[in-house]
Amino acid sequence: ADDTIKVGVLHSLSGTMAISETTLKDTVLMMVDDINKHGGLLGKKVEAVVVDPASNWPLFAEKARELLEKEKVAAVFGCWTSVSRKSVLPVFEQLNGLLFYPVQYEGEESSRNVFYTGAAPNQQAIPAVDYLMSKDGGEVKRWVLAGTDYVYPRTTNKILEAYLKSKGVKAEDIMINYTPFGHNDWQTIVADIKKFGAAGKKTAVVSTINGDANVPFYKELANQGIKADQIPVVAFSVGEEELAGIDTKNLVGHLAAWNYFQSVKAPENDAFIAQWKTFIKNPKRVTNDPMEATYIGFKMWTQAVQQAGTTNVDAVRQAMYGQKVKNLTGGTAVMNTNHHLSKPVLIGEIQANGQMQTVWKSKDVIKADAWSPYIPESAKLKADWTYPWVCGNCAEPKFKM
Amino acid sequence: MLDDKFEVQVDEPHGPGVPAAGSILYLDGVSVSFDGFKALNALSLILAPGELRTIVGPNGAGKTTMMDVITGKTRPDEGDVLFDEKVDLTRLDESEIANLGIGRKFQKPTVFEHLSVFENLELALKADRGAFATLMFWLSGEQRDTIDATMARIGLADKSRHLAGALSHGQKQWLEIGMLLMQDQRLLLLDEPVAGMTDSETEATAQLILDLARDGSRSLVVVEHDMEFVRALGAKVTVLHEGSVLAEGTLETIQADSKVIEVYLGR
Amino acid sequence: MRPSGVCPLKAFRLLLVLLALLAWAPAHADEFSDAVRALNADNFADKIAAAEALSALGDGRAAVILEALADGRLHAAGDGTIVMEQGGAYRDAITQAAASSADASPITVNNRLRGVLRGAVGRLGLFSPDPELRKRAAESVIASPTPESAAMVRRALETETLPEVKRMLSLALANLDLADADPERRKAAIQALRDSSDPMVRGQLQHMLETESDPEVKAAADKAVGAINSRLVWVSVGANIFQGLSLGSVLLLAAIGLAVTFGVMGVINMAHGEMIMLGAYTAFVVQEVFRATLPPEYVGLYLPVAVPVAFVVTFVIGVGLERTVIRFLYGRPLETMLATWGISLMLQQLVRSIFGASNREVANPAWMTGGIDLIGGFTLTYNRVIIIGFCLAVLLALAALLRWSSFGLHMRAVTQNRPMAAAMGIPTGRIDAATFGLGSGIAGMAGVALSQIGNVSPNLGQGYIVDSFMVVVFGGVGSLWGTLLGALSLGLVNKVLEPYAGAMLGKILVLVVIILFIQKRPRGLFALKGRSVES
Amino acid sequence: MLTVENINLYYGASHALRGVSLAAEPGRVTCVLGRNGVGKTSLMRAVMGLQGVKSGAIRWEGKDITAMSAHQRARAGIGFVPQGREIFARLTVKENLETGFAPLPRARRTIPDEIFELFPVLKSMLSRRGGDLSGGQQQQLAVARALVTRPRLLILDEPTEGIQPSIIKDIGRVIRLLADSKLTEWGAMAVLLVEQYFDFAKELADDFAVMDRGEVVLSGQAATMVEDDVRRYLTV
Amino acid sequence: MNAPSLSARLLAADDRRLWLGMAGCAIAFLVVVPMLNLAMPPDSALHMPNYMVTLLGKYLCYATLALAMDLVWGYCGVLSLGHGAFFALGGYAMGMFMMRSIGARGVYGNADLPDFMVFLNWKELPWYWMGFDHFWFAALMALAVPGALAFVFGWLAFRSRITGVYLSIITQAMTYALMLAFFRNEMGFGGNNGLTDFKDILGFPLAEPSTKLGLYMLSALVLGLAFLVARFVVTSKLGRIMMAVRDAESRVRFLGYSPTWVKLFGFTLSAMLAGLAGALYVPQVGIINPSEFSPANSIEIAIWVAVGGRGTLVGAVLGAFAVNGAKTWLTGAAPELWLFLLGALFIAVTLGLPKGLLGLWGQIRRKEKAHA
Ligand SMILES: Nc1ncnc2c1ncn2[C@@H]1O[C@H](COP(=O)(O)OP(=O)(O)OP(=O)(O)O)[C@@H](O)[C@H]1O
Ligand SMILES: Nc1ncnc2c1ncn2[C@@H]1O[C@H](COP(=O)(O)OP(=O)(O)OP(=O)(O)O)[C@@H](O)[C@H]1O
Ligand SMILES: NC(N)=O
Ligand SMILES: [Mg+2]
Ligand SMILES: [Mg+2]
């Protein structure tokens with residue numbers, strides 16, 4: 001009807017990715033619920049249209065099309081894996097839809113129809129490595145880059161490798177290891193890491209291991225007795241939600257780098273956590289970074305809609321640029337013209353209670369690089385959707401000044 | 001007389017060079033063992049072209065195993081199996097052997113249960129067996145008549161479109177015999193063709209087999225325990241026991257043989 | 001290059017320690033409490049300094065406090081008092097008086113501080129009267145050698161009486177001596193270390209090869225590295241075999257239940273993985289009940305309780321499924337695939353609706369955590385050892401049941417020829433239900449075990465189903481020994497290939513091995529031969 | 001005493017048994033004759049409970065067993081030797097025999113010695129898989145297996161098929177002995193025998209039933225039966 | 001062989017209803033749908049929206065795939081749990097063509113290399129990408145690669161007399177191994193993301209509704225053609241031999257036929273049909289990645305066939321439409337419950353309709369007859 005504004009929720013509720021994505025669906029529902037309680041948007045009720053793309057990439061595209069063409073939603077909040085995003089991208093571009101993508105990812109993309117609210121590699125990976133190289137981080141000299149074999153880890157590791165080498169780390173001090181999705185026998189790899197770390201130089205593991213593979217990985221780490229003060233593991237895909245599935249008693253001190261931790265003390269965060277626990281009716285449920293990204297994305301979208309006075313995609317897009325939302329860690333997130341956010345970077349150590357304790361925080365928010373300066377081909381490109389560039393991947397502006 | 005015919009072939013010493021000369025089927029020193037149990041023990045047997053031979057012997061004597069060896073289902077541990085004087089059957093697989101002209105009816109009737117009686121016979125029909133040829137195959141009127149005639153002969157004319165799986169035990173036996181007829185092979189191996197048939201059907205089957213043997217273009221090996229049937233065939237009888245030949249001769253001779261009575265016929 | 005000299009500040013601190021130790025008298029009370037209070041500093045650098053100062057006091061009480069700090073059990077109250085948590089009770093760290101934890105918040109540590117604390121605790125422990133503590137201290141000195149420990153270790157060696165601790169201390173000392181200025185000492189250290197199989201030692205010696213100037217020492221180091229290397233090769237072979245067996249046991253465990261429902265009954269049971277999953281969730285529920293009702297020290301017992309509970313739960317579910325769905329499908333094995341696929345979808349969603357989509361935490365009980373460090377940095381982890389034992393026990397029990405019990409005989413008879421079995425007086429319905437229940441029950445028990453090494457989520461079963469079918473078929477359908485041998489050999493092959501090919505390629509190669517192997521044995525490893533197969 | 005009363009049996013739309021009635025008494029051998037496909041096996045399977053009947057009743061020892069499952073009938077003392085042997089192919093000979101223990105109380109779970117006297121070949125093959133036996137050996141095993149249950153009604157569907165002459169004679173003798181309760185372990189047994197081999201049947205039978213096209217067309221005591229009448233139904 | 005037999009066979013096929021049905025479907029899919037899409041005003045109730053056309057196009061590809069599956073499973077008795085692999089290979093072939101067509105329009109503007117290669121520092125195009133600039137070559141490969149893989153794999157397996165579950169499992173191993181292999185970025189097929197960002201096909205922009213309609217109609221034609229080919233095969237004597245092989249493979253040998261070649265023919269033909277379906281599928285969904293190789297996908301194909309009715313070509317097509325239609329509908333209408341509903345559907349079909357949905361049709365017809 002005309003008195004509602006529909007938003008699409010495109011997160012897998014079944015299949016392998018349901019583990020992570022279901023929470024984000026609930027987050028959007030909570031936000032929608034909240035805005036309706038506060039009088040809706042432009043005087044209309046917001047209605048969430050939930051579909052289940054079932055961790056099936058072609059189904060993502062099909063459902064995206066359904067949301068845009070059939071349900072005529074004003075915006076879609078969804079996707080987790082990069083491949084699902086790649087799958088829906090042509091649909092959003094063809095139908096001029098709006099996708100809010102809330103997960104940290106490999107970068108190398110800036111679509112007119114997508115707003116990326118998760119971290120780009122320079123907002124997560126590089127600060128984490130910097131920290132480990134610092135005195136507080138243990139002055140790490142030797143690196144294991146372990147990841148699941150797909151684009152996000154590949155890209156991140158490529159960037160990190162270039163970065164480490166630029167900092168004088170020798171090739172023999174970098175070990176790169178890839179494993180299949182859902183890998184669950186980590187005996188050999190953990191033993192190898194142990195061996196690699198026994199060469200007399202301070203060693204750390206940078207983990208871009210994703211999803212299901214993490215629990216067995218950490219269990220094996222704990223059982224083979226790899227302690228955080230010997231060989232710390234810093235992860236980019238392990239947050240509170242993942243830790244809730246792991247007994248963290250023996251993992252205390254291993255690290256994670258994100259833009260948000262539940263443990264951060266800030267009034268916005270306290271309110272958000274309380275709201276979440278009430279909404280989900282479970283006082284034990286945790287919050288995590290992609291939830292914050294979803295929160296920021298949703299808030300920004302509502303602000304932009306209000307500012308534009310319409311849900312028209314082109315108008316909303318214009319209104320998004322420069323849009324500010326108080327993030328949950330006490331700072332302010334800003335949407336840049338490259339469709340990515342400026343965010344703070346936090347590094348935390350895992351605690352026995354499954355929470356992260358912040359051990360380092362960036363002084364200021366960091367602006368996301370859509371295109372990494374550490375990849376030669378990419379370094380030439382720039383994303384800026386405002387005049388005179390108006391482009392997601394250009395070496396020069398579209399319009400001459 | 002029959003006896004004369006036997007004499008020519010039985011004890012004729014073969015030259016070492018061409019031991020299988022003049023035979024359609026030649027088994028020499030064939031042994032098969034299963035986990036140490038010798039099912040066939042240096043079995044030797046020669047069949048002349050056009051000959052009809054009955055084989056009897058106690059349960060477990062190795063009759064079916066012998067047919068398995070001839071048709072390529074079981075590989076012998078040792079010994080020669082030659083078809084048509086020179087073709088070494090131990091090197092060929094089942095379909096190649098079938099294409100040489102050896103057909104078989106199994107002890108336990110095996111037909112294609114999800115095909116109709118007609119289709120079972122159609123598949124057996126002598127024709128090019130290649131994959132492409134069968135793809136383009138088109139049943140001629142003549143061939144259809146042959147099938148119809150065979151169906152009539154095996155008493156299943158009214159069951160033409162019935163699935164073979166729905167036939168009774170004895171009907172399946174008949175269908176299998178029908179399939180054997182359709183193939184028009186040079187050597188037919190029949191394992192207990194009248195098991196489960198009534199006496200009159202048994203007689204009919206005997207007649208059918210004699211018809212087949214009459215013109216001398218086919219050779220037949222028939223295994224049966226039914227002595228009436230064996231008598232009706234009136235052919236030379238080989239008695240197998242523990243995997244080798246125990247006795248050979250006319251039915252009368254072997255029926256009088258005390259060893260045969262002891263292990264097989266009983267008193 | 002290691003600095004060969006010792007900087008003055010550190011030397012001074014060391015002196016203090018030595019003095020304190022010689023006197024072995026509690027240091028000035030105020031000095032001690034000041035140092036303890038200093039631990040609650042604002043930044044990690046100050047905390048580190050405070051910890052070092054505290055340990056330098058050489059006060060016996062310091063060890064306990066530093067240990068508590070490392071474990072995150074040291075709290076600072078609003079008024080600045082430092083309280084220590086021990087087994088749920090709070091005491092004032094300085095006065096040992098009982099204290100409340102009302103407004104106390106834990107003093108945060110980071111890895112760097114943790115490392116310092118560990119070294120400090122180690123050094124302090126060297127002189128403890130408790131031999132266990134001394135042993136642990138020696139271990140920690142080996143693990144994090146600092147040049148300043150050397151003198152201390154030397155001193156400790158003089159008084160040490162326990163041969164084992166003595167041996168460890170000399171190793172630790174040799175380790176430290178590798179950096180000594182005196183080439184003779186270095187050489188002696190190398191001699192002492194050449195019998196070690198510790199990759200850490202090798203690392204140090206290798207490092208020496210690059211930096212050592214004395215040719216004689218260098219040669220000795222070279223020889224020692226060679227000796228250690230050749231020993232480590234064997235260690236890695238042994239480790240490989242263990243890992244292979246362990247992976248094999250996981251595969252086996254996942255597959256045994258399927259060996260019954262599919263191998264014996266012929267049901268293409270796509271819901272097998274979900275039975276494993278249900279078993280794992282049962283473990284979770286049992287654990288939660290234990291956590292809610294029992295004191296912490298007994299919670300670890302949830303595991304042995306969960307095994308039979310999971311068996312019963314999944315047995316009952318299996319029987320229910322058999323009676324309502326599977327039994328209408330005998331003789332139509334391919335249809336069982338369709339129906340059980342449907343069941344599997346429903347069970348996944350059911351669990352998702354009850355427990356949520358995310359992972360659930362199932363903790364290793366303390367007795368299953370960690371492992372024995374064997375030589376060469378190779379750890380025999382307890383959970384894997386226990387799982388190997390468990391799965392062999394399950395397999396043997398099942399084999400005995402199938403082979404010797406009349407239930408086993410009836411089960412085989414029924415699955416081979418249902419109408420005839422009925423005509424023999426065997427209650428086929430009951431046997432079918434019990435058999436499917438048994439297979440499901442075993443899968444459930446496997447789920448409990450697998451919860452100890454992997455995640456517990458609604459997708460758990462999907463991760464095992466392909467492998468399970470692979471193992472059962474590769475081994476030869478219907479043969480338990482085939483399943484055993486299939487699982488172990490696939491595990492071993494995988495682990496032998498992995499170091500060369502990597503996890504990804506290794507797995508691909510294993511699949512290729514299976515495909516090729518089946519060509520040679522079209523009915524699996526343990527194929528039945530003869531006529532009986534065809535009929 | 002077994003009585004079959006007016007049963008009708010269908011395979012889908014095809015009417016395989018049409019109002020068949022039959023009786024088999026302890027101490028007597030009742031022989032069912034008929035050409036291929038007339039419904040003999042269907043009748044036996046109906047009695048055993050392996051094939052449901054649409055109407056009619058089957059009574060055994062006074063009880064209506066029409067609704068009973070096959071295994072309950074086995075427990076009620078009915079033993080079955082099916083056509084086509086139906087050996088448990090992957091069980092050993094010994095295990096095949098032991099499946100016959102199912103309806104027995106624990107104390108009686110032994111294999112009677114008479115079985116091995118009758119079928120000596122089985123004794124030497126106890127550990128061979130049933131499916132590996134020759135056809136005739138399997139048939140012997142099938143008979144032996146049914147005897148292990150110590151039935152009071154023994155159903156034999158063409159038990160001599162594929163068996164060597166000497167053993168056929170033995171089987172004939174045993175059937176006689178069983179019916180006459182001359183064997184120690186068994187009381188007087190009712191024997192229901194399907195046979196194509198007329199001479200064998202004639203020698204054994206006390207009662208006859210001849211079937212044609214799903215119906216019993218001739219029945220009565222063997223002594224009063226006219227051989228030519230029977231033969232007429234057996235020829236095509 | 002003699003040419004008249006072909007047309008004679010196709011026309012003589014006894015079931016008139018079938019031909020009428022086919023004609024009806026052809027009109028519905030090739031005339032009615034495009035008309036409803038193009039000629040009806042968008043706000044009319046009869047308008048067929050673009051997304052529906054795309055959806056139908058996708059189903060048509062699935063239906064072709066199901067048909068291929070039914071040919072080997074329903075008729076030859078070979079339960080291939082790796083058919084998704086052939087589909088995916090066909091899809092990759094077409095994807096490679098479309099990838100090459102992007103040219104310098106990729107994000108890094110490299111005319112010689114696809115984006116993912118640029119970004120992973122590939123210096124030159126690997127040899128196995130050669131030729132994919134040409135449509136005809138890609139189209140040929142979409143048939144030849146699955147066909148060749150099926151032929152080699154089948155030849156090895158059938159020759160060794162691998163049957164039943166053993167065959168199913170090694171086909172599953174095959175697709176699983178391929179999935180892992182295609183995951184590897186070193187393979188040069190874009191790793192986990194696969195091939196994506198396609199712009200156009202043969203100059204027709206993929207984003208255009210008219211291109212989508214064209215692809216849809218092509219899919220319908222291909223399905224019709226595949227149906228005719230499959231029907232020709234199964235009604236031939238070869239078809240009956242296939243069924244005989246399915247029921248009693250060893251017995252077929254004693255009749256002188258070689259099951260190896262019979263099955264190999266069916267398997268290879270089926271793989272090629274699957275490849276064709278994949279090649280049509282990829283431009284319509286806009287992405288191809290290794291998840292298409294996942295064992296679960298292949299199992300699902302078997303499920304479609306079983307739901308529709310195994311061993312009946314129409315059933316396979318019906319099953320593909322029914323299951324996928326249900327999935328589309330339920331994932332939107334009942335996102336939290338759809339697995340329950342779909343699972344229940346599978347169980348209900350197995351228990352209630354042993355011959356699949358098509359069996360239901362048969363049952364209804366029989367009832368009607370009984371009433372008449
Ligand atoms: N795979 C096997 N393993 C063990 N023994 C076997 C196997 N196959 C056959 N035998 C044995 O080999 C012997 C010969 O069997 P075969 O079937 O050839 O006998 P037969 O002469 O045909 O008997 P029948 O008259 O009963 O049909 C039998 O004793 C049988 O038990
Ligand atoms: N499972 C079945 N489905 C359909 N029809 C069947 C089935 N079994 C038997 N029939 C049909 O029922 C009729 C009776 O079969 P039955 O097996 O009882 O005959 P029979 O008298 O035992 O014959 P035989 O002497 O050949 O064993 C036959 O015409 C047969 O075709
Ligand atoms: N973008 C990710 N984490 O896949
Ligand atoms: Mg035989
Ligand atoms: Mg019969």
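Residue numbering restarts at 1 for every chain, and letters A, B, ... go by the order of the sequence lines. All of these numbers come straight from a predicted model, not from anything done at the bench.
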Output, in order, the C-alpha distance, side-chain angles, deciding distance and verdict of salt bridge (charged side-chain N to carboxylate O under 4.0 Å, His left out) for A:Asp185 and C:Lys507.
CA-CA 11 Å; A:Asp185 193 274; C:Lys507 209 158 174 188; over 6 Å; no
Applying salt bridge (charged side-chain N to carboxylate O under 4.0 Å, His left out) to C:Arg114 and A:Glu349, what does each step give before you reach the verdict?
CA-CA 12 Å; C:Arg114 240 178 244 117; A:Glu349 283 185 1; 3.2 Å; yes
Please test C:Thr381 against A:Glu220 for side-chain contact (heavy atoms from CB on, under 4.5 Å), starting from the C-alpha separation and ending with a verdict.
CA-CA 8 Å; C:Thr381 49; A:Glu220 192 70 34; 4.3 Å; yes
Could you walk me through whether C:Leu232 and A:Lys195 satisfy the side-chain contact (heavy atoms from CB on, under 4.5 Å) test, starting with their C-alpha distance in whole Å, then the side-chain angles of each, then the deciding distance to 0.1 Å, before giving a yes or no?
CA-CA 11 Å; C:Leu232 284 182; A:Lys195 251 189 244 162; over 6 Å; no
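Of the listed residues (A:Val359, A:Asn177, A:Ile246), the one with the most heavy-atom contacts under 4.5 Å to chain C is A:Ile246. Contacts with chain A were tallied for C:Ser246, C:Pro106, C:Ala357; C:Ala357 has the most, counting heavy-atom pairs under 4.5 Å. Between chain C and the options A:Gly354, A:Ala199, A:Gly137, A:Pro180, heavy-atom pairs under 4.5 Å are most frequent for A:Pro180. Most heavy-atom pairs under 4.5 Å with chain C, from the set A:Lys227, A:Arg285, A:Lys135, A:Glu139: that is A:Lys135. The most heavy-atom pairs under 4.5 Å with chain C, out of A:Ala213, A:Ala18, A:Gly15, A:Ala352, come from A:Gly15. Ranked by heavy-atom pairs shorter than 4.5 Å toward chain A, the options C:Gln348, C:Gln452, C:Arg360, C:Gln243 are led by C:Gln243. Contact count versus chain A (heavy atoms, under 4.5 Å) is highest, among C:Val362, C:Thr108, C:Asn240, for C:Thr108. For chain C, the option among A:Asp229, A:Thr248, A:Ile189 with the highest count of heavy-atom pairs below 4.5 Å is A:Asp229. Put simply, of C:Gln206, C:Glu498, C:Arg384, the one with the most heavy-atom pairs under 4.5 Å next to chain A is C:Arg384.
For the pair A:Ala228 and C:Asn111, the tightest heavy-atom approach, listed with the atom from each and the gap, is CB-OD1, 3.3 Å. Of all non-hydrogen atoms in C:Lys495 and A:Thr188, the two that sit nearest each other are NZ-OG1, 2.8 Å. Heavy atoms only, all atoms of each residue included: A:Ser14 and C:Arg352 are closest at CB-NH1, 3.2 Å. Scanning all heavy atoms of the two residues, the minimum distance from C:Leu247 to A:Gln187 falls at N-NE2, 3.8 Å. The two residues C:Arg112 and A:Asp136 make their nearest non-hydrogen contact at NH1-OD1, 3.0 Å. A:Asn223 and C:Gly370 make their closest contact through OD1-N, 2.7 Å (heavy atoms, listed as atom of the first residue, atom of the second, distance).
When the shell of 6.0 Å around CG of C:Asp42 is examined, it contains 12 or fewer heavy atoms from other residues, nucleotides or ligands.
For C:Asn459, the part lying under 4.5 angstrom from a heavy atom of chain A is the side chain only. With a 4.5 angstrom heavy-atom cutoff, A:Thr179 touches chain C via backbone and side-chain atoms both. Only the side chain of A:Gln357 comes within contact range of chain C, judged by heavy atoms closer than 4.5 Å. Contact of A:Asp212 with chain C is made through backbone and side chain together, with heavy-atom distances under 4.5 Å. Residue contact with chain C, scored on non-hydrogen atoms closer than 4.5 Å, is absent for A:Lys201. Contact annotation for C:Val250: neither backbone nor side-chain heavy atoms come within less than 4.5 Å of a heavy atom of chain A. In this structure, chain C has a heavy atom under 4.5 Å from the backbone of A:Ala244, while its side chain stays farther away. In this structure, the portion of A:Leu13 lying under 4.5 Å from any heavy atom of chain C is its backbone and not its side chain. Only the side chain of C:Asn383 comes within less than 4.5 Å of a heavy atom in chain A; its backbone stays farther off. At a 4.5 Å heavy-atom cutoff, the contact between C:Ser451 and chain A is made by backbone atoms alone.
Within the 4.5 Å cutoff, side-chain heavy atoms of A:Asn184 are placed close to those of C:Tyr464. Using a 4.5 Å cut-off on side-chain heavy atoms (C-beta onward), C:Gln462 and A:Thr16 make no contact.
A:Lys249 and C:Thr369 share no donor-acceptor pair across their side chains, judged by distance under 3.5 Å alone.
The closest donor-acceptor contact from the side chain of A:Lys219 to the backbone of C:Asn455 lies at 3.5 Å or more, if one exists at all.
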